[in-house]
Number of protein chains: 2
Amino acid sequence: MNDGELDDVDRNILYYLQQDARRTSSSEIAEKLGLSASTVRTRINKLEDSGVIRGYHLDIDYDLAGYPLYTKIICTAPVSERDELAGAALKIDGVTAVREIMTGERNVYVNTIGRDHDDLNRISEELDALGLEIVDEQIIRDEYVCPYQGFLDGDADAE
Amino acid sequence: MNDGELDDVDRNILYYLQQDARRTSSSEIAEKLGLSASTVRTRINKLEDSGVIRGYHLDIDYDLAGYPLYTKIICTAPVSERDELAGAALKIDGVTAVREIMTGERNVYVNTIGRDHDDLNRISEELDALGLEIVDEQIIRDEYVCPYQGFLDGDADAE
DNA sequence: CTTGAAAAAGCGTTAGC
DNA sequence: GCTAACGCTTTTTCAAG
């Protein structure tokens, strides 16, 4: 699909988009990198087409949004069914992310949001009904998602 | 800051922005909800100001981007230092997310990306140096981040 | 919350270095 | 691969109802 290698310009573009993917325009990035807007636009399109950029999403404060209960449910799935079960879990209302772990008993992590304990109980039941054995359930106190990745540091071509 | 309650219009806006936060314009959402573009823009501004929308971020395929090693490092921190240590961990190159758990021994989860094992080793060492005791380290096989949350289902005002 | 205008900024394409 | 310029489309901002 592409040569698979990102150069400094690509990394810088990812860096700036990571900061504010909605309001940062191509021309704005171009100005900061000392390139033309066309170039940046072409690069972004390539990053999207090649699949490096999978999408642009919201970072929501679920607490303020009315879903104050944020948990991580740790499950066990047979390796043979792990992929399938993980996919099914993602479709449950209130599930925000699913991660599959390579090895071990705790091999599926499910992140959830809820308005109250009824929501959480329902999610637990649905996971159980799917065949995911719940090993542990933890209430998340706080979550920091990094809008900045060091590897994508932005000063290669930058002034 | 606000009354804290989101109505159906707000939830619909969040839903549509969640799909494609960069390319979905206010007018596009307005059309789908049968409202004017101005109204939608005002709502979005309010959601940003009130903090419900914390930001707009990229969903990057780190594998394609050249960082094929994706891990979850589970740590223990004394409750009194947990906040501080979690904040410090977020600044390490390669750390993409940090989650604080309310209770238990495994109370800080650190997600990381890396090009090779040297990156991972360095991150582990830096976490250790901070004072975070590493309890477990797991290689993530696959991650699904949900671009759609059931609670934010979009058909209240929609046609 | 809506409308409607002007102003501004975006994008894709083209041609050329 | 980058730049620059064209034209087109879209968004934004502002006023007013």
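In what follows, chains carry the letters A, B, and so on, assigned in the order in which the sequence lines appear, proteins first and then strands, with residues in each chain numbered from 1.
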A.B. asks: Report yes if a side-chain nitrogen or oxygen of A:R43 is closer than 4.0 Å to either non-bridging phosphate oxygen (OP1 or OP2) of D:dG1; otherwise report no.
C.D. replies: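 Looking at the OP1 and OP2 atoms of D:dG1, neither is under 4.0 Å from any side-chain N or O of A:R43.
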A.B. asks: On DNA chain D, does the nearest nucleotide to A:T42 precede the nearest nucleotide to B:A37 from the 5' side, or the other way round? Give the residue.
C.D. replies: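 That would be A:T42.
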A.B. asks: Among the candidates D:dG1, C:dC1, D:dT3, find the nucleotide nearest to the side-chain atoms of A:K46.
C.D. replies: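 Given the options D:dG1, C:dC1, D:dT3, the side chain of A:K46 is closest to D:dG1.
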A.B. asks: Please report, rounded to the nearest Å, how far the P atom of C:dT3 is from the CD atom of B:E31.
C.D. replies: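 The distance from CD of B:E31 to P of C:dT3 comes to 13 Å, rounded to the nearest Å.
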A.B. asks: What is the separation between atom CG on A:L35 and atom C1' on C:dC17, rounded to the nearest whole Å?
C.D. replies: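 Between C1' of C:dC17 and CG of A:L35: 16 Å.
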A.B. asks: Taking atom C1' of D:dT13 as reference, at what distance in whole Å does atom CZ of A:R23 sit?
C.D. replies: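 In whole Å, D:dT13 C1' lies 14 Å from A:R23 CZ.
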A.B. asks: Please tell me if the side chains of A:L14 and B:L58 come closer than 4.5 Å, counting only heavy atoms from C-beta onward.
C.D. replies: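 SC-SC contact between A:L14 and B:L58 confirmed.
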A.B. asks: What residues form a side-chain contact (heavy atoms from CB on, under 4.5 Å) with B:A88, not counting sequence neighbours?
C.D. replies: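 Checked B:A88 against side-chain contact (heavy atoms from CB on, under 4.5 Å); matches are B:L130.
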A.B. asks: Using a 4.0 Å heavy-atom cut-off, does A:S26 contact any base of the nucleic acid, only the sugar-phosphate backbone, or nothing at all?
C.D. replies: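 The residue A:S26 makes sugar-phosphate contact but no base contact.
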A.B. asks: Taking any heavy-atom pair under 4.0 Å as a contact, classify B:S27: base, sugar-phosphate, or nothing.
C.D. replies: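 The answer is sugar-phosphate, as B:S27 gets under 4.0 Å only of primed atoms, P, OP1 or OP2.
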A.B. asks: What pair of heavy atoms forms the shortest contact from A:L132 to A:A89, and how long is it?
C.D. replies: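 Scanning both residues completely, I find the closest heavy atoms to be CD1-CB, 4.1 Å.
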A.B. asks: Are any non-hydrogen side-chain atoms of B:Q18 and A:I60 less than 4.5 angstrom apart?
C.D. replies: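 A side-chain contact exists here, since the closest heavy-atom pair is under 4.5 Å.
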A.B. asks: Grab the CD1-P distance between A:I29 and C:dA9 for me, whole Å please.
C.D. replies: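 Between P of C:dA9 and CD1 of A:I29: 17 Å.
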A.B. asks: Take A:E28 and B:T39, find for each the nucleotide of DNA chain C with the closest heavy atom, and name the residue whose nucleotide sits nearer the 5' end.
C.D. replies: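 So the residue in question is B:T39.
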A.B. asks: Determine, for A:D136 against A:R106, whether the closest basic-nitrogen to carboxylate-oxygen distance falls under 4.0 angstrom.
C.D. replies: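 A salt bridge links A:D136 with A:R106.
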A.B. asks: Restricting both atoms to N or O, compile the protein contacts to nucleotides 4-9 of chain D shorter than 3.5 Å, with distance only.
C.D. replies:
none

A.B. asks: I want to check one thing: is the phosphate of C:dA9, taken as OP1 and OP2, less than 4.0 Å away from some side-chain N or O of A:S25?
C.D. replies: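 No, A:S25 has no side-chain N/O under 4.0 Å of OP1/OP2 on C:dA9.
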A.B. asks: What is the distance, to the nearest angstrom, from the CG atom on A:N45 to the C1' atom on D:dC2?
C.D. replies: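 Rounded to whole Å, this separation is 15 Å.
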A.B. asks: Run the numbers on B:L17 and A:Y56 for side-chain contact (heavy atoms from CB on, under 4.5 Å), then give the verdict.
C.D. replies: CA-CA 9 Å; B:L17 283 179; A:Y56 305 92; over 6 Å; no
A.B. asks: Under 6.0 Å from the six-membered ring centre of B:Y109 and within 45° of its axis: does the NZ or CZ of A:K72 meet both?
C.D. replies: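 The answer is yes, since A:K72 meets both limits relative to B:Y109.
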A.B. asks: Roughly, in whole Å, what's the span from CD in A:E48 to P in C:dG12?
C.D. replies: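 Computing the A:E48:CD to C:dG12:P distance gives 9 Å.
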